[in-house]
Amino acid sequence: MPAGYRKTLIRQIGQHAHSEIVGQLPEGNWITRAPTLERKAILLAKVQDEAGHGLYLYCAAETLGVSRDELTEKLLDGRMKYSSIFNYPTLNWADMGAVGWLVDGAAILNQVPLQRTSFGPYARAMVRVCKEESFHARQGFDVMRKMATGTPAQQKMAQDALNRLWFPALMMFGPSDAESTHSEQSMAWKIKMNSNDELRQKFVDQTVPQIEFLGLELPDAGIKWNEARGSYDYSDPDWSKFFDVIQGNGPCNVDRLAARNKAWKDGAWVRDGLLAHARKKAARKHAAE
Ligand code: FAQ
């Protein structure tokens, strides 16, 4: 395996894994405040799924010779990135709808083609991840539908969530193709199957009719159907804000990393206990042989 191919895969799979793990935080925040027992059970299951996705991805990265602990340490000290989207706060219950609908919706568009990526362990992890993500997106749309057809106050919350999360969701696909440093090589290696702008356009084309179905206002005055292209025109996100967020200056970057560092530190006794148990078991087995 060429060293560059391995390095690029470790970077992308590792960052993807970190995104799943950090991505639990904005939703985990709402588990205790979900409006009904059913919504709570659904949200809890979704957040657990994200943890599972992180684990499949760390396992896929391990097959490339990098341990989960090494990747985790790089996340915790800021040497590795995670998706920009998880550096925004989730302020009200409608945000749980918007996260499922827009964030998982964007994640699916990006991940479905990755089921055919050239590295088998990554492609196979994506098969199950995509199945689970489509349940997540549907539950998000269902929350959004309820809010958008609810009381005037609920409709306002739904619109506010859409307005705040629209451009951050567009940024999930990465910088414009002109500014994407890795796309050309990663597409040649089939680590990436589509360019960032291609997937972003697909997301806009898929989501605008859903916004209209919900009866919400479009979050961007630049959205217009372009007959000649057979696609929607839309405004570019403010890319200076995107680069600021991925450099650590988003609204929640400090909190997210602090939460992950605390969880790692607080969980040390569990890891130590499990290792001690495994060592004892191995020693007992060795003595019996
Ligand atoms: N955030 O040259 P490119 C989810 C960085 S999973 C932060 O275009 P590339 C599920 C990029 O790393 C979401 N950084 O990069 C869920 C590079 O910097 P570097 C995660 C970003 O890799 C839902 C630089 O910018 N999904 O949401 C971002 O070819 C709900 C130049 O960019 C994946 O990771 C960004 N958005 O393309 C969980 C999918 N975009 O590394 C919980 C797999 C770019 O040189 C709750 N990954 N950068 O320092 C990919 O498809 C690609 O890595 C892209 C970026 C498309 C994200």
Side-chain angles (χ1 to χ4, degrees), residues 7-30 43 45-54 56-57 60-61 74-75 78-88 90 95-115 117 119 122-123 125-126 129-130 132-137 139-140 165 167-200 203 237 239 241-250 253 256:
K7 191 170 160 217
T8 303
L9 275 173
I10 291 174
R11 180 186 63 80
Q12 182 168 317
I13 299 173
Q15 291 183 170
H16 193 163
H18 297 330
S19 304
E20 302 282 356
I21 298 299
V22 178
Q24 295 177 97
L25 295 171
E27 289 178 295
N29 190 36
W30 279 90
L43 187 61
K46 178 189 188 303
V47 173
Q48 282 180 332
D49 283 354
E50 308 300 358
H53 298 175
Y56 316 148
L57 286 160
K74 285 187 176 165
L75 166 72
R79 276 177 293 157
M80 275 183 93
K81 294 187 169 73
Y82 56 89
S83 180
S84 50
I85 189 70
F86 302 118
N87 291 307
Y88 293 87
T90 43
D95 285 19
M96 291 303 93
V99 167
W101 171 39
L102 301 174
V103 175
D104 288 86
I108 293 170
L109 276 177
N110 169 277
Q111 290 168 175
V112 163
L114 292 178
Q115 295 177 103
T117 191
F119 185 59
Y122 191 26
M126 284 302 106
V129 168
C130 286
E132 293 176 349
E133 297 289 25
S134 62
F135 150 68
H136 298 168
Q139 69 82 35
L165 289 167
F167 284 109
L170 293 188
M171 292 174 188
M172 284 178 73
F173 296 96
S176 68
D177 291 353
E179 294 206 64
S180 166
T181 39
H182 303 290
S183 281
E184 198 183 338
Q185 182 60 74
S186 290
M187 285 173 74
W189 277 331
K190 296 202 189 311
I191 289 173
K192 267 170 99 163
M193 310 303 285
N194 304 84
S195 80
N196 300 354
D197 287 337
E198 267 168 35
L199 292 176
R200 194 170 4 257
F203 176 75
W239 289 117
K241 280 193 188 154
F242 167 77
F243 287 112
D244 216 29
V245 170
I246 67 173
Q247 271 150 26
N249 305 316
N253 295 58
R256 299 297 186 231

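Only a predicted model underlies this, so the values are computations on that prediction, with no experimental measurement involved. Just follow the structure's listing: the first ligand is 1, and inside any ligand the first atom is 1. Along the sequence shown, residues are numbered consecutively beginning with 1.
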Going by heavy atoms, is Phe243 under 4.0 Å from ligand 1? no
Ligand 1 and [X], any nitrogen or oxygen pair closer than 3.5 angstrom?
| X | value |
| --- | --- |
| Gln24 | no |
| Glu179 | no |
| Ser180 | yes |
| Ser19 | no |

Parallel, tilted or perpendicular for Tyr122 and His16, by the 30°/60° rule?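 Correct class here is perpendicular.
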Angle class for the Trp239/Phe242 ring planes (parallel below 30°, perpendicular above 60°, tilted otherwise)? perpendicular
Applying a 4.0 Å heavy-atom criterion (strictly less than), which segment of [X] is in contact with ligand 1: side chain, backbone, both, or neither?
| X | answer |
| --- | --- |
| Met193 | neither |
| Asn110 | side chain |
| His16 | both |
| Asn196 | side chain |

Below 4.0 angstrom, N of the basic side chain to O of the carboxylate: do Arg200 and Asp197 qualify? yes
[atom]: nearest protein contact (heavy atom, Å):
| atom | result |
| --- | --- |
| atom 35 (C) of ligand 1 | Ser84 OG, 3.6 Å |
| atom 22 (O) of ligand 1 | Arg11 NH1, 3.0 Å |
| atom 23 (C) of ligand 1 | Asp104 OD2, 3.5 Å |
| atom 14 (N) of ligand 1 | Ile246 CG2, 3.4 Å |
| atom 57 (C) of ligand 1 | Met172 O, 3.9 Å |

Are the side chains of Gln12 and His182 in contact, using a 4.5 Å heavy-atom criterion? no
Are the side chains of Phe203 and Asn110 in touch, meaning some heavy atoms are under 4.5 Å apart? no
Please check if the side chain of Thr90 supplies one atom and the backbone of Pro26 the other of a donor-acceptor pair under 3.5 Å.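 Indeed, once roles are kept as given, a pair shorter than 3.5 Å links the two residues.
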Under 3.5 Å, side chain of Ser84 to main-chain N/O of Met172, donor-acceptor pair present? no
On a heavy-atom basis, I'd like to know which of [options] is closest to [atom].
| atom | options | answer |
| --- | --- | --- |
| atom 53 (O) of ligand 1 | Glu133, Gln12, Glu20 | Gln12 |
| atom 21 (C) of ligand 1 | Phe173, Phe86, Phe242 | Phe242 |
| atom 15 (O) of ligand 1 | Glu27, Met80, His182 | His182 |
| atom 32 (O) of ligand 1 | Pro175, Gly174, Ser186, Ser176 | Pro175 |

Nearest 0.5 Å, please: how far is [atom2] in [Y] from [atom1] in [X]?
| X | Y | atom1 | atom2 | value |
| --- | --- | --- | --- | --- |
| Arg11 | Lys7 | CZ | NZ | 9.0 Å |
| Arg79 | Lys74 | CZ | NZ | 5.5 Å |
| Ile191 | Ile13 | CD1 | CD1 | 8.0 Å |

Short list, please: which atoms of ligand 1 are under 4.0 Å from a heavy atom of Thr181? 2 (O), 31 (C)
Within the structure, does at least one protein heavy atom fall under 4.0 Å of atom 42 (C) of ligand 1? yes
My understanding is that only residues two or more places apart in sequence, or in another chain, count here; which of them pass side chain to side chain donor-acceptor pair (under 3.5 Å) with Glu133? His136
